[in-house]
Amino acid sequence: MWKKVYEWLDERAGLTDLYKNLLDRPEPKGTWWNTLGSASLFLFILQGVTGIFLLVYYTPSPDHAYDSINYIMNGVAFGWLIRGIHHWGATLMIVVVFIHMLRVFITASFKYPRELTWLVGIGLFILTLGMGFTGYLLPWDQQSYWATTVGTQIAGSVPFIGDFILKALRGGPDLSALTLQRFFAAHVWMLPAALAGLIGVHLYLIIKHGESHFPSKED
Ligand code: HEM
């Protein structure tokens, strides 16, 4: 019965072709260092899943943000666990993506024909940092409020366009409800959407070029 269902779907959606092109490739010659890209991808998905659960209770307004987090921690079944995973997952993702980038740099895997994979990677790194920066404000406690005050001030010190950047980030000259709304929109929609798109391009390029490896004697 399942075979028939599969054949029906395969004929219409080309599942076997998709499998062959995407997954049925020779196993790359690699070491544990080559698993860091997949680890980054896993952490991105983990952050997405736990983030969606947190969204069920989190409220992005200055009056309720702190209390909603408090409720997640103390009132919601396993809320502390989901928030804990999201919190530590964020730190881990930044560390893992950074070490992945370092590995690519040390093995010189950014050279021809993988320059574009590297450039897309730079975008991924900046977006990952952006996720950390925007997520940090969401609890709306003293620590996050003042850290973001300083962070946006630093961004505001860029020559010529600093004032524009500061106001664009804060939604005005000071941190306010508008800042929280903006950071929330960036954290749950803009940056994840951009990350997902760039990860798609990154993975396409990796499939296209295959994994790099050090040349052997035969090469
Ligand atoms: C969300 C972040 C990222 C994800 C999900 C991701 C995912 C991956 C995956 C799955 C691979 C193949 C396995 C591997 O070599 O580890 C890979 C390879 C690669 N990544 Fe990333 N990556 C990310 C960030 C970056 C960054 C920040 C850079 C550099 C600036 C980068 C540059 C590359 C390059 C050049 C390769 C090809 C390596 C080779 O062929 O040896 N990636 N990435």
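One-based numbering, in listed order, for ligands and for the atoms of each. Only this structure's heavy atoms are used, side chains among them; waters, hydrogens and symmetry mates stay out.
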- Message: Looking only at protein heavy atoms, which one is nearest to atom 27 (C) of ligand 1, and what is the separation?
- Response: G121 O, 3.0 Å
- ligand 1 and N34, any nitrogen or oxygen pair closer than 3.5 angstrom? yes
- Message: Give me the nearest non-hydrogen protein atom to atom 2 (C) of ligand 1 as residue plus atom name, then the distance to 0.1 Å.
- Response: V97 CG2, 3.8 Å
- With atom 21 (Fe) of ligand 1 at the apex, how many degrees lie between NE2 of H100 and NE2 of H202, rounded to 10 degrees? 170°
- Message: Starting from atom 3 (C) of ligand 1, what is the nearest protein heavy atom, named by residue and atom, and what distance separates them?
- Response: L124 CD1, 3.7 Å
- Query: Do T16 and Y6 have a side chain donor and acceptor closer than 3.5 Å?
  - Reply: yes
- Give the atoms of ligand 1, by number and element, whose distance to some non-hydrogen atom of F125 is under 4.0 Å. 27 (C)
- Message: Quick check: F184 with Y58 (ring centres under 6.0 Å apart)?
- Response: yes
- So does K111 pair up with E115, basic N to acidic O under 4.0 Å? no
- Query: Of all the non-hydrogen atoms in the protein, which one sits nearest to atom 36 (C) of ligand 1, and at what distance?
  - Reply: T117 CG2, 3.8 Å
- Query: Would you say F44 contacts ligand 1, with heavy atoms under 4.0 Å as the rule?
  - Reply: no
- Task: Please step through side chain to side chain contact (heavy atoms under 4.5 Å, CB included) for the pair T50 and Q47, ending with a clear verdict.
- Result: CA-CA 5 Å; T50 49; Q47 290 303 93; 4.2 Å; yes
- Note on the structure: Rounded to the nearest 0.5 angstrom, the CG-CH2 distance for L102 and W33 is 8.5 Å
- Task: Please test T117 against V120 for side chain to side chain contact (heavy atoms under 4.5 Å, CB included), starting from the C-alpha separation and ending with a verdict.
- Result: CA-CA 5 Å; T117 321; V120 171; 6.0 Å; no
- Is E211 close to ligand 1, meaning an N/O of one under 3.5 Å from an N/O of the other? yes
- Can you tell me which residue and heavy atom of the protein come closest to atom 4 (C) of ligand 1, and the distance to 0.1 Å? S40 CB, 3.7 Å
- Query: So, N70 versus N74: side-chain donor-acceptor pair below 3.5 Å or not?
  - Reply: yes
- Message: Regarding ligand 1, does S109 bring an N or O atom to under 3.5 Å of one of the ligand's N or O atoms?
- Response: yes
- So, do H86 and I82 sit near enough that their side-chain heavy atoms are less than 4.5 Å apart? no
- Note the single closest protein heavy atom to atom 9 (C) of ligand 1, along with its residue, its atom name and the distance in Å. G37 CA, 3.5 Å
- Message: Closer than 4.0 angstrom, basic N to acidic O: yes or no for K4 and E11?
- Response: no
- Compare I99, V104, I206, T107 and give the one whose heavy atom is closest to atom 11 (C) of ligand 1. I206
- Item | Under-4.0 Å heavy-atom contact with ligand 1, by part of H213 that carries it | neither
- Item | Taking atom 5 (C) of ligand 1 as the reference point, the nearest protein heavy atom with its distance | L41 N, 3.5 Å
- Item | Any donor-acceptor N or O pair under 3.5 Å, side chains S109, R114 | no
- Item | From G30, S212, G210, A108 - option closest to atom 39 (C) of ligand 1 by heavy atom | S212
- OH/Y66: more than 12 non-hydrogen atoms of other groups inside 6.0 Å: no
- Query: Looking at atom 37 (C) of ligand 1, what's its closest protein heavy atom, distance included?
  - Reply: R114 CD, 4.0 Å
- Query: Given that the side chain starts at C-beta and the backbone is N, CA, C, O, which of these parts of R103 lies under 4.0 Å from ligand 1, counting heavy atoms, or is it both or neither?
  - Reply: side chain
